[in-house]
Amino acid sequence: MSHMRVLGIETSCDETAAAVVEDGKKLLSSVVASSVDLHTAYGGVVPEIAARSHLEVIKPVIEEAMKKAKTSWSEIDAIAVTQGPGLIGSLLIGVMTARTLAIAKQKPLYAVNHVHAHPYACFITETGSNFKLQTSNFRYELPKAAPEFPLLALIVSGGHTQLVLYESHKKYTMLGQTRDDAVGEAYDKVAKMLGLPYPGGPSIDKAAQKGNPQAFHFPKAKFDNVIGPTYHKEFGVVKNGCQSQSDYHFSFSGLKTAVLRLAQAQTGHDYTFPSAKLPEALSDAQKADIAASFQRTAVKTLVEALKKAEEEFQPKSVVIAGGVAANQELRKQAAKVLSTPLLVPDIKLCTDNAAMIASLAFYQQHRADPCSLQPDPGLKM
Ligand code: KG4
Ligand code: ZN
């Protein structure tokens, strides 16, 4: 059987990434250039800076991915690109690059939904013979076997918090999602209040290790009678506008405000105290306790919903994917309560990368027209 090699391209936010993946599972190369350092000074991603940075590095990033994979253009069978969701200026660079390459090199083009692709980092189970699993900085740890369907996936990133039940590569049901902030966004905003460096997820994760998670008790959002898209026990039946199971919806904006009010109170001020002054008013010990207590509530919220969905739908595999899946506490707590095998991508493949894009493209084969594909910043799953 002949193999299928896909070149994946990802530019939805601040990472410019390219990867070569064979048959959706064998990683030949994965290159990620992040403009995160350029955004740190602003405490968040600046869309214009991200777009300009993609433009500057996309060509060398793709060339490096091809070189590392020891792959020539004649060995590439298709090009896959993130169509959305994401920042319009960022998506545009990836989509236009992929379209141009597809036309110039006469390759089929596949359009991929970034959120749908996150769990596909777990379908990567092998590496090519040239791929270095271990470098001086890190070691890749890949799952030994691919996830099995039905697959329950918790997709948690800076832009998304979704619980999805996949029946197959093409058929899935959204069980619930965030009504406001994504959990990664809450991590980033709380970190900013505490004066911890951007991105906030790894900073909070680190600070929390020195703090007491029981120091403060923050409220957990609850939903009653949410109206919205709903699931049906028989897979794939999604009804719009029906009363939905509220256990699988999330909200993190109230938690973020609760952290702000507590931090203000801890410094002896009321709600009018500017959040920008909190980092200098709080001690390191207070920051660590707030980080640990916030993280306990955020992780508990996610893990409880995941456990409930596991009991209800009895999946064969559970995957946690997206940038927040890099969180050690989330991995630990989920592994503790779940009875289904839990798969979490290697940390390098949790955050945005192009390997997951190339993998999903192989399984989904969603063809796009290289002459007309447009980025879609609000693309839904
Ligand atoms: O998937 P990703 O790279 O980009 C999006 O699609 O959003 O996720 C980035 C998010 C950021 O909010 C970042 O703070 C969060 O993932 N993150 C973490 C950790 N590492 C990254 N959150 C919690 N703990 C971590 N260790
Ligand atoms: Zn992402």
Side-chain angles (χ1 to χ4, degrees), residues 8-17 19 30 32-36 39-40 43-45 47 50 54 82-87 90-91 94 112-122 138 153-162 164 177-178 181-194 196-209 213 250 252 255-256 291-292 294-303 319-334 344-357 359-360 377-379 381:
I9 298 174
E10 152 65 37
T11 63
S12 65
C13 190
D14 59 339
E15 266 102 17
T16 317
S30 176
V32 181
S34 175
S35 59
V36 64
H39 306 287
T40 303
V45 174
H54 287 305
T82 302
Q83 185 188 6
L87 301 168
S90 293
L91 290 166
V112 168
N113 179 309
H114 176 93
V115 183
H116 188 177
H118 262 298
Y120 280 73
C122 277
F138 61 87
L154 176 67
I155 307 167
V156 275
S157 74
H160 301 276
T161 308
Q162 281 157 337
V164 184
Q177 56 187 321
T178 183
D181 291 357
V183 62
E185 196 180 342
Y187 265 89
D188 293 336
K189 286 179 179 161
V190 167
K192 198 170 176 181
M193 284 176 214
L194 302 180
L196 303 173
Y198 177 84
S203 309
I204 297 252
D205 210 358
K206 198 167 152 213
Q209 283 165 20
F250 303 97
F252 291 99
L255 172 60
K256 183 187 67 189
F294 157 77
Q295 174 154 282
R296 180 175 61 85
T297 309
V299 166
K300 192 166 175 253
T301 306
L302 297 172
V303 171
V319 164
I320 305 182
V324 182
N327 189 272
Q328 295 304 325
E329 190 60 21
L330 176 59
R331 290 169 176 232
K332 201 168 96 190
Q333 296 303 332
V344 188
D346 181 272
I347 290 200
K348 282 271 156 201
L349 298 177
C350 281
T351 45
D352 291 348
N353 64 85
M356 66 188 197
I357 304 300
S359 174
L360 173 58
L379 188 66
M381 262 187 91

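The structure presented is a predicted model; accordingly, all values stated were derived computationally and were not measured. Counting starts at 1 for both ligands and their atoms, following the listed order. Counting begins at 1 with the first residue of the sequence.
- Looking at D352 and the Zn ion (ligand 2) together, the shortest N, O or S contact belongs to OD1.
- Among protein heavy atoms, atom 26 (N) of ligand 1 sits closest to D205 OD2, 3.0 Å.
- The protein heavy-atom contact nearest to atom 9 (C) of ligand 1 is G158 N, 3.7 Å.
- Geometry at the Zn ion (ligand 2): NE2/H114 and NE2/H118 form an angle of 100°, nearest 10 degrees.
- Of all non-hydrogen atoms in P199 and S203, the two that sit nearest each other are O-OG, 3.2 Å.
- Counting heavy atoms from C-beta on, the side chains of C122 and P345 come closer than 4.5 Å.
- Considering backbone and side-chain atoms together, G322 places no N or O closer than 3.5 Å to any N or O of ligand 1.
- When A326, G323, S34 are checked for heavy-atom proximity to atom 8 (O) of ligand 1, G323 turns out nearest.
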Going through the checks in order, is the side-chain contact (heavy atoms from CB on, under 4.5 Å) test met by I347 and Q328?
CA-CA 10 Å; I347 290 200; Q328 295 304 325; 3.6 Å; yes
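- Taking only non-hydrogen atoms, the option from N327, D352, I347, N353 nearest to atom 4 (O) of ligand 1 is D352.
- Closest to atom 11 (C) of ligand 1 among all protein heavy atoms lies D188 OD2, 3.6 Å.
- Short contacts between ligand 1 and G159, defined as distances under 4.0 Å to a heavy atom of the residue, involve ligand atoms 7 (O).
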Evaluate side-chain contact (heavy atoms from CB on, under 4.5 Å) for K256 paired with M193, printing each intermediate quantity in order.
CA-CA 10 Å; K256 183 187 67 189; M193 284 176 214; 3.8 Å; yes
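- Checked against the 6.0 Å centroid threshold, F294 and Y187 count as a close aromatic pair.
- Look at Q328 and you'll find every heavy atom at least 4.0 Å from all atoms of ligand 1.
- Close approach to H114 involves these atoms of ligand 1, each under 4.0 Å from a residue heavy atom: 6 (O).
- Short contacts between ligand 1 and G184, defined as distances under 4.0 Å to a heavy atom of the residue, involve ligand atoms 12 (O).
- The proximity of H118 to ligand 1, defined as any non-hydrogen pair under 4.0 Å, is limited to the side chain.
- Of all protein heavy atoms, the one lying nearest to atom 25 (C) of ligand 1 is G201 C, 3.5 Å.
- Scanning both residues, T351 and G323, for their nearest heavy atoms gives CG2-CA, 3.8 Å.
- The shell of residues lying under 4.0 angstrom from ligand 1, judged by heavy atoms, excludes C13.
- Nearest heavy atoms, M356 versus A121: CB-N, 3.8 Å.
- Ligand 1 places these atoms under 4.0 Å from at least one heavy atom of T351: 3 (O).
- With T161 as the fixed residue, the side chain to side chain contact (heavy atoms under 4.5 Å, CB included) test singles out one of V324, I155, T178: T178.
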Are E15 and N353 close enough, and set up right, to give a side-chain contact (heavy atoms from CB on, under 4.5 Å), and what steps lead you there?
CA-CA 7 Å; E15 266 102 17; N353 64 85; over 6 Å; no
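- Residue Q295 places no heavy atom under 4.0 Å from ligand 1.
- Between the T11 side chain and the G94 main chain, a donor and an acceptor come within less than 3.5 Å of each other.
- Using cut-offs of 30° and 60° for the angle between ring planes, the F250 and F252 rings count as parallel.
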